[in-house]
Amino acid sequence: MTRIGLLSDTHGFLHPGIFRFFKDCHEIWHAGDIGNLDTIRKLAEFLPTRAVYGNIDGADIRGRYPEIDLFKIEDITAMMIHI
């Protein structure tokens, strides 16, 4: 079974403990208000990361991540949106 670390509203700040907290996860899902590309890059370097943009995210993030992500994981259809 895939273990997912779910977070949102980082607003450009990653608490250093997040990497310890998500150490047993297989993926990270960021549900918007990422804040900047450096934040999402750090997560993606740690684990495969899926994300959607939030209302505070600028064109740089909106150009790389969708508003809504509808996808299958294992036998489940999931949808992620910020608001």
Side-chain angles (χ1 to χ4, degrees):
M1 179 184 309
T2 303
R3 279 181 248 129
I4 296 151
L6 178 63
L7 76 162
S8 71
D9 296 275
T10 51
H11 294 261
F13 174 76
L14 286 178
H15 188 283
I18 198 76
F19 301 102
R20 185 180 78 258
F21 190 73
F22 286 168
K23 69 178 174 44
D24 294 325
C25 294
H26 299 108
E27 297 181 11
I28 295 172
W29 296 359
H30 195 304
D33 281 359
I34 297 162
N36 58 52
L37 289 174
D38 191 47
T39 298
I40 199 74
R41 179 190 55 78
K42 287 177 185 174
L43 291 172
E45 287 174 355
F46 178 63
L47 287 171
T49 300
R50 177 182 297 276
V52 294
Y53 69 78
N55 55 298
I56 68 114
D57 292 319
D60 55 345
I61 292 171
R62 291 174 187 237
R64 293 181 187 222
Y65 298 97
E67 178 181 17
I68 300 168
D69 194 2
L70 180 66
F71 56 96
K72 283 194 76 88
I73 181 162
E74 296 179 2
D75 292 328
I76 298 169
T77 299
M79 184 182 91
M80 186 167 46
I81 186 170
H82 178 64
I83 295 176

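One-based numbering along the sequence shown.
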How long is the span from the [atom1] atom in [X] to the [atom2] atom in [Y], to the nearest 0.5 Å?
| X | Y | atom1 | atom2 | answer |
| --- | --- | --- | --- | --- |
| Asp9 | His30 | CG | NE2 | 7.5 Å |
| Thr39 | Asp57 | OG1 | CG | 9.5 Å |
| Ile28 | Phe22 | CD1 | CZ | 6.0 Å |

Could you note down all residue pairs passing ring-ring contact (aromatic ring centres under 6.0 Å, His included) where residues 43-65 supplies at least one of them, sequence neighbours left out?
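Residue pairs with at least one partner in residues 43-65: Phe19-Phe46.
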Where is the tightest heavy-atom contact between [X] and [Y], given as atom of each residue plus distance?
| X | Y | answer |
| --- | --- | --- |
| Ile34 | Ala51 | CD1-CB, 3.9 Å |
| Leu37 | Ile61 | CD2-CG1, 3.8 Å |
| Thr10 | Leu14 | CG2-CD2, 3.9 Å |

Is any side-chain N of the basic residue among Lys42 and Asp38 closer than 4.0 Å to the acidic one's carboxylate O?
yes
Side-chain heavy atoms nearer than 4.5 Å, only ILVMFWY residues, links allowed to pass through others: does that put Val52 and Leu7 together?
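Unlinked, Val52 and Leu7 end up in two clusters.
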Answer yes if Ile18 and Ile4 sit in the same cluster of Ile, Leu, Val, Met, Phe, Trp and Tyr residues linked by side chain heavy atoms under 4.5 Å apart, and no otherwise.
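Each belongs to a different hydrophobic cluster.
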Would you mind reporting whether Phe21 and His15 have side-chain heavy atoms less than 4.5 Å apart?
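The answer is no; the side chains never approach within 4.5 Å.
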Are any non-hydrogen side-chain atoms of Glu27 and Ile73 less than 4.5 angstrom apart?
yes
With a 3.5 Å distance limit and no angle check, can you tell me whether His26 reaches the backbone of Arg3 through a side-chain donor-acceptor pair?
yes
Checking Arg62 side chain against Gly54 main chain: does a donor-acceptor pair fall under 3.5 Å?
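At least one qualifying donor-acceptor pair exists.
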Answer yes or no: does atom CZ of Arg41 have more than 12 heavy-atom neighbours from other residues, nucleotides or ligands under 6.0 Å?
yes
Just wondering, are more than 12 heavy atoms of other shown residues or ligands nearer than 6.0 Å to NZ in Lys23?
no
Who pairs with Glu74 by side-chain contact (heavy atoms from CB on, under 4.5 Å), at least two apart in sequence or on another chain?
Met1, Thr2
Show the atom names and distances, to 0.1 Å, of all donor-acceptor pairs under 3.5 Å that link a side chain in residues 75-83 to residues at least two apart or in another chain.
{"unit_1": "His82", "atom_1": "ND1", "unit_2": "Ala31", "atom_2": "O", "d": "2.8"}
{"unit_1": "His82", "atom_1": "NE2", "unit_2": "Asp33", "atom_2": "OD2", "d": "3.1"}
{"unit_1": "His82", "atom_1": "NE2", "unit_2": "Asn55", "atom_2": "OD1", "d": "3.1"}

